Amino acid sequence: MLTNRLFKFFINLLIFFFILVSFDRIIGAVLKHYYFKQTSGLQYRTTYAMDSTRADILVFGSSRANHHYVPEVFEKKLNMSFYNTGRDGNFILYNYMVFQSVINRYNPKIIIFDLNPNELSYNKGEYERIASLLPYYQEHNEIREIINKIDALEKLKLFSKIYPYNSMFLTIAVGNLELNKKRKTDFKGYVPLSKVMTDTILLKYDNMIGNVDPELVKLLNEIAFKCNKNEIALYFVVSPIYMIISENSSIRLYKDISDKYGCSFDNFSNNSIFIKNPNYFSDEAHLNENGAIMFSEIVADSIALNLKPTYLSLKYETKQ
Amino acid sequence: MLFNSFHFVFFFIVVTTLYFALPHKFRWFLLLVSSCYFYMAFIPVYIFILGFTIVVDYFAGIWLENTEGRRKKYFLIASLIANIGVLAVFKYYNFLNDNLSALLNSFGYCNTIPHLSILLPIGLSFHTFQAMSYTIEVYRGHQKAERNFGIYSLYVMFYPQLVAGPIERPQNLLHQFYEKHYFEYERVIEGLKMMLWGLFMKLVIADRLAIYVNAVYNNADHHTGQTLALATVFFAFQIYCDFAGYSNIAIGAAKVMGFKLMTNFNRPYFSRSISEFWKRWHISLSTWFRDYLYISLGGNRVTFHRWYFNLLIVFVISGLWHGANRTFIIWGAINGLYLVFAIVTEKLRKRIGNLLLLNKEPRINNFLQIVITFLLACFAWVFFRAGSGEEAIMIIKKILLMKGPIFIGTPSVLIYSFFAIAFLLVVELKAEYFNESIQLLHSRNALIRKLSYSFLIIIILMIGVFDGGQFIYFQF
């Protein structure tokens with residue numbers, strides 16, 4: 001009797017799994033097809049950065065990178081091609097993986113790595129956000145390795161072909177609409193912000209103390225090491241923020257790493273040009289278009305003059 | 001260990017397989033060991049707190065059975081003090097200390113009693129209440145004292161309902177550990193279906209709604225009245241799906257192994273009054289308070305004023321059970337006041353209903369009652385979710401003014417949220433009013449059934465939130 005019941009159970013379980021896996025494979029394939037068919041938007045920009053760009057200058061970072069570096073300014077001043085790979089809400093871990101994919105294909109001449117003032121602090125969310133790179137898991141060996149290292153169970157979850165596109169259904173659908181294809185929100189990856197910070201926001205002081213995540217420090221070291229090895233000029237930059245920030249462990253580590261690998265580091269977080277001009281900001285953490293142009297000119301000039309941006313920042317401040 | 005983790009999937013498969021593979025006499029031991037492992041996956045050292053209440057109540061049960069008269073009462077009181085004492089230390093100590101400080105400060109004194117910096121053991125209120133129901137039932141003579149220490153420990157620690165209920169009664173659960181459960185195909189499938197639906201409620205509905213609710217409630221002062229109203233409605237569904245989802249997984253997991261746990265939720269948002277709402281919401285806790293507190297206070301067999309007092313005190317304590325914060329007490333008190341108000345205005349409301357001819361339109365009447373009950377529940381939820389009483393009042397003021405646009409944020413979050421709520425309402429509406437019409441998960445056609453399971457899993461994979469974290473009620 002029991003054997004019969006168990007037999008019935010397992011047969012039904014097998015049929016159910018067959019149906020489930022078939023649906024998973026079909027829907028997963030459709031989602032994959034349309035994900036990579038997008039020609040604009042956030043997901044497209046990641047795909048382009050990882051698989052297609054051959055720009056001389058690449059910018060990496062979070063939303064602050066994405067909204068702060070204006071391609072036109074760099075291309076004009078440096079006479080080199082430019083692409084901004086910055087993505088909202090994604091930090092060192094994401095950028096490391098995109099960086100890996102890029103240098104597996106080619107070596108850009110210059111990399112600007114925009115860092116937040118406390119980006120090396122442990123943040124659980126950073127590890128959860130690797131989900132945005134799951135669509136590239138199958139085709140990108142370098143991403144596969146890192147994701148498997150971060151969460152061994154991820155490999156198991158990725159048995160499902162739908163899972164890499166979890167919560168992306170609407171974005172993919174919208175990204176494939178004819179109307180959306182014509183709408184270009186970015187200029188070589190850069191997305192300008194038009195809003196001007198009008199509310200009288202008090203300038204806040206923030207020590208941004210947090211526990212440094214050794215994994216992130218390791219990744220940043222690796223980025224600097226690989227740039228050094230491949231003769232890519234690397235610039236670590238903390239772009240302007242409408243906040244007075246005291247020197248914290250992350251900033252000290254940025255300096256140490258840049259000293260160790262001979263790359264540049266410039267901290268604009270307390271730069272008076274921006275701190276004294278809230279009109280350059282869209283909100284506390286992001287520059288608007290005018291601010292971004294102003295900031296891009298400073299950074300591009302520093303690269304053009306082949307000076308340490310630290311001194312240049314000082315020079316601009318004294319001019320003011 | 002969270003029910004919505006891979007860790008649990010492996011745990012469940014291994015424990016269930018071993019359960020059916022082992023001879024009956026060893027099964028309780030397997031369940032006890034696995035329950036210990038399940039609990040220790042959170043913070044291992046807290047098993048000792050659980051151990052303390054188990055030992056106290058085990059011996060209290062035996063002593064209660066062997067004694068009579070006053071001594072029996074003393075044993076019961078001692079056991080209740082031990083249980084409530086554990087709750088007082090781990091859950092309410094800092095809350096009481098803060099209130100004492102505020103009181104002393106108002107008289108110009110300083111409180112020097114230090115704060116305790118300890119984490120609240122997961123599910124403490126649940127297993128403490130389950131343990132207390134045992135001693136009370138033994139005291140009342142409704143339950144024989146359990147002599148097997150292992151079985152008694154399992155009664156308190158049975159892993160499916162250990163950290164968030166349903167809060168079981170000894171009469172329902174204890175004897176089941178002695179019964180031999182066979183692998184019954186229909187029952188196993190039924191249990192798995194409940195688990196799947198529970199997981200859907202948690203991952204697709206509760207955790208999805210949590211994204212918007214947290215974004216709004218964590219910055220309530222920056223949001224408009226309309227946004228806060230929408231977030232409050234979302235929270236009503238979030239907390240329901242979070243907790244009912246957990247209960248479904250718990251009841252389903254137990255069912256697979258042959259155990260029958262009590263129903264904890266019965267579509268509460270279709271209630272036509274607050275009194276009905278509490279018969280459908282967290283049933284195991286409501287009935288606990290009814291059986292062991294409300295009736296002990298005299299219930300409704302007292303004067304009107306005393307009855308009102310009984311209702312209020314039960315709901316205030318129920319609020320306090322949820323958390324050591326004034327907002328929970330206010331939430332409980334509001335629900336108590338709703339019930340008192342309902343009793344006081346019963347005749348008047350009937351008269352108004354007759355005047356508006358609502359008695360001749362039962363469908364409209366029912367619909368209006370459901371909407372009003374839902375809105376009343378939402379009003380109380382504001383206090384449950386807000387960080388403080390002041391914040392809750394600010395939110396309510398903003399909601400009443402209804403000024404300003406709705407915060408959209410990432411549009412897909414709102415779209416998925418509306419989809420999730422609509423899906424839930426369709427399923428619950430069907431179960432409430434059209435039970436026998438269209439059958440999907442319970443269809444007679446095996447292919448339709450399997451397609452329905454697959455559909456739920458695919459929706460979970462497509463729009464479920466996989467990093468949503470733990471269940472809200474764990475903190476209680």
Side-chain angles (χ1 to χ4, degrees), chain A residues 1-28 30-31 41-42 88-89 124-131 134 151-175 199 283, chain B residues 5-10 13 16-17 20-21 180-189 191-193 196 203-204 207-208 211 214 222 256 409-420 441 446-469:
Chain A
M1 268 301 276
L2 179 68
T3 332
N4 280 350
R5 281 196 298 259
L6 276 173
F7 183 72
K8 186 183 170 192
F9 177 76
F10 283 113
I11 288 293
N12 275 297
L13 202 65
L14 270 178
I15 298 170
F16 164 63
F17 269 113
F18 177 76
I19 295 172
L20 180 65
V21 171
S22 308
F23 274 114
D24 178 75
R25 293 298 186 264
I26 295 165
I27 296 169
V30 172
L31 287 170
L42 210 67
D88 292 3
K124 190 176 167 253
E126 172 133 16
Y127 290 90
E128 285 161 0
R129 284 194 171 123
I130 55 164
L134 291 180
D151 185 358
L153 282 177
E154 211 62 29
K155 201 174 177 177
L156 203 70
K157 292 180 198 166
L158 283 156
F159 174 75
S160 160
K161 299 299 170 207
I162 293 176
Y163 176 70
Y165 306 95
N166 170 261
S167 300
M168 293 182 191
F169 172 72
L170 278 177
T171 325
I172 295 171
V174 172
D199 302 337
D283 56 57
Chain B
S5 66
F6 262 86
H7 193 175
F8 176 73
V9 174
F10 298 133
I13 293 171
T16 311
T17 310
F20 286 115
K180 191 170 180 181
H181 301 126
Y182 295 96
F183 184 94
E184 281 174 33
Y185 176 79
E186 280 75 21
R187 196 201 59 228
V188 170
I189 295 294
L192 291 173
K193 269 187 228 174
L196 176 61
L203 298 179
V204 177
D207 286 350
R208 179 60 61 186
I211 299 172
N214 293 344
H222 292 119
V256 169
T410 314
S412 60
V413 171
L414 272 186
I415 296 170
Y416 288 135
S417 300
F418 282 121
F419 166 79
L441 288 180
L447 184 66
I448 292 177
R449 275 199 316 266
K450 288 184 181 69
L451 285 173
S452 310
Y453 311 149
S454 304
F455 176 73
L456 278 190
I457 294 175
I458 281 164
I459 297 284
I460 291 174
L461 286 168
M462 282 178 81
I463 62 170
V465 178
F466 286 91
D467 48 15

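Computed over heavy atoms, backbone and side chain alike; hydrogens, waters and symmetry mates excluded. This one's a predicted model, so the numbers in the text were calculated from it and none came from an experiment. In what follows, chains carry the letters A, B, and so on, assigned in the order in which the sequence lines appear, proteins first and then strands, with residues in each chain numbered from 1.
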- Under a 4.5 Å heavy-atom cut-off, does chain B meet the side chain of A:Leu153, its backbone, both or neither? side chain
- Query: Any side-chain heavy atom of A:Asp24 within less than 4.5 Å of one from B:Ile457?
  - Reply: no
- Task: Determine the minimum heavy-atom distance between B:Met462 and A:Phe169, stating which atoms define it.
- Result: CE-CD1, 3.6 Å
- Item | Portion of A:Tyr165 that has a non-hydrogen atom of chain B nearer than 4.5 angstrom | backbone
- Below 4.5 Å from any heavy atom of chain B, which atoms of A:Ile27 appear? Answer side chain, backbone, both or neither. side chain
- Query: Given a strict heavy-atom distance threshold of 4.5 Å, which part of B:Ile460 is in contact with chain A: side chain, backbone, both, or neither?
  - Reply: backbone
- Scored by heavy-atom pairs under 4.5 Å with chain B, the best of A:Thr171, A:Asn12, A:Ile19 is A:Asn12
- Query: Side-chain contact, heavy-atom cut-off 4.5 Å: B:Leu461 with A:Phe23?
  - Reply: no
- Given that the side chain runs from C-beta out, which part of B:Arg208 has a heavy atom under 4.5 Å from chain A: side chain, backbone, both or neither? side chain
- Message: Please check if the number of heavy atoms outside A:Phe17 that lie under 6.0 Å from its CZ is greater than 12.
- Response: no
- Rounded to the nearest 0.5 Å, what's the gap from CG on B:Leu414 to CG on A:Leu170? Could you check? 11.0 Å
- Check each atom of A:Ser167 against the heavy atoms of chain B and say whether the ones under 4.5 Å are side chain, backbone, both or neither. both
- Task: Taking ring pair (Phe, Tyr, Trp, His ring centres under 6.0 Å) as the test, write out the residues that go with B:Phe418, two or more places apart.
- Result: B:Phe234
- Query: Under a 4.5 Å heavy-atom cutoff, which of A:Leu13, A:Ile15, A:Leu20 has the most pairs with chain B?
  - Reply: A:Leu20
- Message: At a 4.5 Å cut-off on heavy atoms, which part of B:Val413 comes close to chain A: side chain, backbone, both, or neither?
- Response: neither
- Task: State, with a plain yes or no, whether a side-chain heavy atom of A:Asn166 is found less than 4.5 Å away from one of B:Val465.
- Result: no
- Query: Under the side-chain hydrogen bond (donor to acceptor under 3.5 Å, both in side chains) test, which residues partner B:Tyr453, sequence neighbours left out?
  - Reply: none
- Message: To the nearest 0.5 Å, what is the distance between CG on B:Leu447 and CZ on A:Phe16?
- Response: 12.0 Å
- Query: Considering all heavy atoms of both residues, which atom of A:Phe9 and which atom of B:Tyr185 are nearest to each other, and what is their separation?
  - Reply: CA-CE1, 3.5 Å
- Message: Can you tell me which portion of B:Phe419 sits under 4.5 Å from chain A's heavy atoms? Options are side chain, backbone, both or neither.
- Response: neither
